[in-house]
**Student:** 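One structure follows; several queries about it will come next.
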Amino acid sequence: MQVQMILNKCKENLVDLDDHIILILKAIDQNISIIVEGESGTGKTELAKTIAFALERPFYRVDGDENLTITQLRGWFDPSLVIESGFGEKSFILGPLTLAMSKGGLFFFNEVNRAPSESINGALSAMDSSERSIEIPQYINIKARDDFYTIFTLNPSEYIGTNPLPEAFFDRCIRIHLTHKTGKIAEEIVKLRTNCADDELIHKCVLFTEKTRSNTDFERGASIRAAIQLTQLLMNEENQDKQIIQAINAVYSGKIKLQLDISRSVEECLHEIAGEVFFENRPKN
Ligand SMILES: Nc1ncnc2c1ncn2[C@@H]1O[C@H](COP(=O)(O)OP(=O)(O)OP(=O)(O)O)[C@@H](O)[C@H]1O
Ligand SMILES: [Mg+2]
């Protein structure tokens, strides 16, 4: 594998993730499955997609939820085709996992901890670097091509609607932890995603977002996604204070969560931070 060449390609779309990219490329080369974990907006999906693109391999995405069965993952027999031609290749519809195994490419399993444990257990043999196969009852043992690889994501701070992952799952994977980018690096990401030429505006949008994460009134702050959106709404405009407040409310009110003991509204808390960042403590209008 041409690690340096692939890394250079990834760097066109990813900021400050070189060490993670190199580690992931090494793991892919050795058929080791990867879990990318991190809070919302830390770049998990972008990292996986960019690597698949740089490797020029197809990308098969599955999003974990409680209804995701192992049958949906690995495929099923189409009853009408079974009547026509019996159990076999012709009547078996490949699922995203077996499709990626047979055609090669990245099997990207997003939010794996939202899927039922049975479904993950059923996929373990595909991830095992010595097996790399899946047994389909009444059919065959589907073997993975050499260029099949798996990346899982999970958000460790989300518990509602998630399932404990089996120990055997973690045993087969390496784990990479992403954190929120801050300061100049976060500004570089926002610039890359928005093409905004106004560095001062980017700086303020990033700073505002960071303040939602450090402010003790909030149980949960916003991610760089919010900074990107706020920049997009405010760039190329002569913004009055009113428009800035309106954009801030629209971007942040659904993303942040107040601590239970805070009696002020989300909007009031946001306006206070807006005063510090955008209006230099001028009275709000
Ligand atoms: N290091 C980075 N380099 C370039 N872009 C980044 C980086 N980190 C985050 N982004 C951008 O931030 C946004 C959020 O990233 P992404 O969708 O990958 O987050 P995520 O961790 O998958 O979040 P979620 O858990 O909500 O799915 C995207 O627009 C992505 O392009
Ligand atoms: Mg994602």
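Because only heavy atoms are used, hydrogens play no part in the values below, and waters and symmetry mates are left out as well, while side chains stay in. Note that ligands are numbered from 1 as they come in the structure, with each ligand's atoms numbered from 1 the same way.
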**Student:** Using a strict 4.0 Å cut-off to heavy atoms of L17, name the atoms of ligand 1 that fall inside it.
**Tutor:** 1 (N)

**Student:** For the residue pair F152 and F107, categorise the inter-ring angle as parallel (less than 30°), tilted (30 to 60°) or perpendicular (more than 60°).
**Tutor:**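 Because their plane-to-plane angle is over 60°, the rings of F152 and F107 count as perpendicular.
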
**Student:** Just to check, does L178 reach to within less than 4.0 Å of ligand 1 when the distance is taken from its heavy atoms?
**Tutor:**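 L178 does not count as a contact of ligand 1 under the 4.0 Å cut-off.
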
**Student:** Would the distance check show the side chain of S129 and the main-chain N or O of I32 forming a donor-acceptor pair, the cut-off being under 3.5 Å?
**Tutor:** no

**Student:** Check for me whether I189 has a heavy atom closer than 4.0 Å to any atom of ligand 1.
**Tutor:**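 Right, I189 reaches ligand 1.
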
**Student:** Which residue from T153, T45, L14 reaches closest to atom 22 (O) of ligand 1 through any of its heavy atoms?
**Tutor:**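 Ranked by closest heavy atom to atom 22 (O) of ligand 1, first place is T45.
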
**Student:** Do the side-chain N and O atoms of E46 and N13 include a donor-acceptor pair separated by under 3.5 angstrom?
**Tutor:** yes

**Student:** For residues T231 and D198, determine if any side-chain heavy atom of one lies less than 4.5 Å from a side-chain heavy atom of the other.
**Tutor:**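 When only atoms from C-beta onward are counted, D198 and T231 do not touch, as no gap falls below 4.5 Å.
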
**Student:** Specify side chain, backbone, both or neither for R225, according to which of its non-hydrogen atoms lie closer than 4.0 Å to ligand 1.
**Tutor:** side chain

**Student:** Quick one: does G38 get a heavy atom under 4.0 Å from ligand 1?
**Tutor:**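 Heavy atoms of G38 never come under 4.0 Å of ligand 1.
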
**Student:** Side chain, backbone, both or neither: which part of I224 comes within less than 4.0 Å of ligand 1 when only heavy atoms are counted?
**Tutor:** side chain

**Student:** Where is the nearest protein heavy atom to atom 21 (O) of ligand 1: which residue, which atom, and how far?
**Tutor:** K44 NZ, 2.8 Å

**Student:** Would you mind finding which of E46, K11, E12 brings a heavy atom closest to atom 30 (C) of ligand 1?
**Tutor:** E46

**Student:** Quick check for you: to the nearest 0.5 Å, what is the distance between T42 atom OG1 and R225 atom CZ?
**Tutor:**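 Spacing of OG1 (T42) from CZ (R225) equals 8.5 Å.
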
**Student:** With the 4.5 Å side-chain cut-off for hydrophobic clustering, are F208 and I224 part of the same group?
**Tutor:** no

**Student:** Report, in ascending order of atom number, the atoms of ligand 1 lying under 4.0 Å from any heavy atom of S40.
**Tutor:**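 Counting from 1, the qualifying ligand atoms are 23 (O), 24 (P), 25 (O), 26 (O).
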
**Student:** Distance check, rounded to the nearest 0.5 Å: L258 atom CG versus E268 atom CD?
**Tutor:** 9.5 Å

**Student:** Taking both backbone and side-chain atoms into account, decide whether S40 has an N/O/S atom under 2.8 Å from the Mg ion (ligand 2).
**Tutor:** no

**Student:** Quick one, K191 with D199, criterion salt bridge (Lys or Arg N to Asp or Glu O under 4.0 Å). Give me CA distance, side-chain angles, the key distance, then yes/no.
**Tutor:** CA-CA 8 Å; K191 198 171 180 74; D199 291 344; 2.8 Å; yes

**Student:** I want to check something: taking the side chain as every heavy atom from C-beta on, are L106 and Y60 in contact at a cut-off of under 4.5 Å?
**Tutor:**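 When only atoms from C-beta onward are counted, Y60 and L106 do not touch, as no gap falls below 4.5 Å.
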
**Student:** Identify which of Q229, K49, E188, R193 has a heavy atom lying nearest to atom 5 (N) of ligand 1.
**Tutor:**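 Nearest heavy atom to atom 5 (N) of ligand 1 lies in R193.
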
**Student:** I'd like to check whether G43 has a polar contact with ligand 1, where a contact means an N/O of the residue lying under 3.5 Å from an N/O of the ligand.
**Tutor:** yes

**Student:** Hey, is ligand 1 close enough to N110 that some N/O pair sits below 3.5 Å?
**Tutor:**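 For ligand 1, there is no N or O atom that lies under 3.5 Å from one belonging to N110.
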
**Student:** Can you report which non-hydrogen protein atom sits closest to atom 3 (N) of ligand 1, along with the distance?
**Tutor:** V15 N, 2.9 Å

**Student:** Tell me, which protein residue and heavy-atom name are nearest atom 23 (O) of ligand 1, and how many Å apart are they?
**Tutor:** G41 N, 2.8 Å

**Student:** May I ask you to check whether F108 and F59 place their ring centres under 6.0 Å from each other?
**Tutor:** yes

**Student:** When only distance counts, is T42 in polar contact with ligand 1, meaning an N/O pair under 3.5 Å?
**Tutor:**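 T42 vs ligand 1: N/O contact under 3.5 Å present.
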
**Student:** When you look for heavy atoms under 4.0 Å from ligand 1, do you find them on the side chain of N13, its backbone, both, or neither?
**Tutor:** backbone

**Student:** Do Q72 side-chain atoms and T69 backbone N/O form a donor-acceptor pair below 3.5 Å?
**Tutor:**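 Yes: the side chain of Q72 pairs with the backbone of T69.
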
